[in-house]
Amino acid sequence: MRLILHRLGLYAITAWVAITVNFLLPRLMPGNPIQTMIGKLQSNVTPAEVRSIQLSFGGSLHSGLVHQYVTYLDQMVHGNLGVSITLSSPVSTILRGAVPWTVGLIGISTVLSFFIGTIAGALLGWTRGSRLDALIPTATFFQAVPYFFLGTVMLMIFGSELHWFPQLGAYSLNVSPSWTWAFVASALRYGELPMISIVLSSIAGWILGMRNMMITMVAEDFVLMSVAMGLPRRRVIWTAARNAILPSIANLSLAIGLVVSGALLVELVFNYPGVGDLLLNAVENEDYPLIQGIFLVITLAVLAANFIADMVYFALDPRTRTEAQS
Amino acid sequence: MSTDAVEQVVADEATSPESIATAAPTPVLQLQDFCVDYGVGARAVRAVDRVNLRVDRSKVLGVAGESGSGKSTLVYGFTRLLRAPAVISGGSALFTAGPSREDSGEELIDLVGADEATLRRLRWTQISVVLQSALNALNPVVRVGTLFDAVYRAHRSDMSRAERRARSVELLSLVGLNEDRLQRFPHELSGGQRQRIMIALALALDPSLVIMDEPTTALDVVTQREILNKLAELRARFGFAMIFITHDLSLLVELADEIVVMYAGRLVERARARDLYESPRHPYTLGLLNSFPPMHGARHELTGIPGSPPDLSQLPSGCAFQPRCPYAMDRCAREQPPLAPLDEAGRYVACWLHVAGEHATVPVELRRAAPSSRDGGSGA
């Protein structure tokens, strides 16, 4: 427990540093971003918008940096991330609309890819040298093909030609977003093809990582011991896999952390309303409040994922517990 | 040593291959022309070459030799724990499965031909193994108690949770450990404690044969001594047979009833422990003995063996030891000496020096009187 609190403290400090950098970056850039924005908006600027821009950067332009910083933190704690210039609505509202789509699609795909890949890798590692090894080049092929190409080809074949999957968007235009069965079913149906494409393109890493660790573990004495002890085959494989999975868990935490930032190419190819798409538009339009808001969410997500991964690691590998305590 | 009690019943049966089947003491294990190759086909390398040996019930067989002499391959071979590319390429390994609790009556099983189910039934209930490095041999992410539980679950599914725990506590106390160790992870224990746990684990199901693969090599001498004493005590109490692998002959002589010396995958000498120690007959055995300080007795200069063990894929012609042997003769490079009986005491040696008519005089250091012929074979 003390260990968890200690970790939590470390993460709090990291989060604070990240937030501060997020606050400082626009201020360190050459020129004045606020003037640039107002300039870009030309005659369309309303006093409310000027105020919103100022607020998003910490209030009045003429107050000191420290005052701006305090205001920024205060606004952030209250969930106020400013107002997007291009979309003219609060950043928090925009994010609430985009993040669930990205987390749903990329998150589920990443977890699926991890599970399928890791299980396949464990079996391939165990049956090393068997015919199953032929799976590996196939999997690496899909990872080696540039994603935009793979995605486009899949969309063309399975969407346009064969009509197996609906194309473009996150849900049918006949339903509106709500927690109804019709909508959820539609969202799942629209998510299938992007999900398959993501799993296909990312699974090789999981397979190879797990297979290699598994091969290393199978050569370990404690696996030999579990054979010598006459444990059932499933127990023996589990003994090896249980130890082999640790590096994959670390990689999963990194992958999960990056889920929120979205898979830009996936969202572009499938016209999916996620964070990646949003970030691209925000950068193109120099929409600073939105960029800052997205960065903040990504940072916090990465930190949260790392924290969870740490906890999982503590639970799975007793050796990390003593090391962290000493 | 407390092994004396057991040694009193040493029967001096001649253990020539022909008489093995009818010899009076029950053999737990008999290897006949046992061979292990690494790889198959033309490029196969023979790591264990036509080994014949037997281990009698409640006896200790020592296996000595340098690294790479094939001693570990031999035991992993007949226990069927070898991994590719190693394959058993010939011979048999007859194991007498002792009367277990439920089904009484003995059962003779050839381990070489045994299927997975049979092997799994024998493993740990009849044959258990202690590996050299207990740190590597204990699953790092599992508590000690869970390791014990895994063994009971696999073989004694009728044991209740309380019975399993009671048995684990009993086993730990046997090796002098407190029951709180059950809650520990392997990395939280010292090297000696880990090896004790390995030994306790090996005895969990009362096996009739325990294989010790250099169990003390990774430990400091003090811990080594403690473990050996503990082993002797446990053996006197439970009477399991043991195969003890080491490169330290002086350690074996106190523990083993019989010792075999391996070189390049073959047995070069086989004798009762005391005989082998006091009066080695093979030049390689002599070299090994001169490489280690004796546990007791007068000091003498350690000489070691010149050169290094041969590459098994390019064995020298004739006797494999011949290039390193100070007594090598012409014939040694031409013909491989067979492991032949030397005297009535059940001693075997594979060396041309001891073949009559081949050499006028056997070097004096290789014909010292054996203790058994001096004092009637009382062992220690």
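Below, read A as the first sequence line, B as the second, and so on, with proteins coming before strands; counting in each chain starts at 1. Since this is a predicted model, take the numbers as computed values, not measurements.
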Could you look at Leu122(B) and say if it's the side chain, the backbone, both or neither that has a heavy atom under 4.5 Å from chain A? neither
Chain A contact via Arg153(B) - side chain, backbone, both or neither, heavy atoms under 4.5 Å: neither
What is the distance from atom [atom1] of [X] to atom [atom2] of [Y], rounded to the nearest 0.5 Å?
| X | Y | atom1 | atom2 | answer |
| --- | --- | --- | --- | --- |
| Met217(A) | Asn139(B) | CE | CG | 9.5 Å |
| Met229(A) | Leu205(B) | CE | CG | 10.0 Å |
| Leu224(A) | Asn136(B) | CG | CG | 11.5 Å |
| Leu231(A) | Trp124(B) | CG | CH2 | 9.0 Å |

Leu138(B) and Phe222(A): which non-hydrogen atoms are nearest, and at how many Å? C-CB, 3.7 Å
Tell me if a side-chain donor or acceptor on Arg83(B) pairs with a main-chain N or O of Val218(A) at a distance below 3.5 Å. yes
Flag the pair Val141(B) / Leu316(A) as yes when at least one side-chain heavy-atom distance between them is below 4.5 Å, and no otherwise. no
For His155(B), ring-ring contact (aromatic ring centres under 6.0 Å, His included) partners two or more places apart: none
Residue pairs passing the salt bridge (Lys or Arg N to Asp or Glu O under 4.0 Å) test with at least one member in residues 211-236 of chain A, sequence neighbours excluded, are Asp133(A)-Arg211(A)
With side-chain hydrogen bond (donor to acceptor under 3.5 Å, both in side chains) as the rule and sequence neighbours excluded, what pairs involving residues 298-317 of chain A come up? Arg7(A)-Asp310(A), Tyr11(A)-Asp310(A), Asp317(A)-Arg319(A)
Chain A contacts, top residue of Ala150(B), Ala202(B), Pro140(B) (heavy-atom pairs, under 4.5 Å): Pro140(B)
Between Val129(B), Val142(B), Leu119(B), Leu131(B), the one whose heavy-atom pairs under 4.5 Å with chain A are most numerous: Leu131(B)
Residues from residues 134-146 of chain A approaching chain B under 4.5 Å (heavy atoms): none
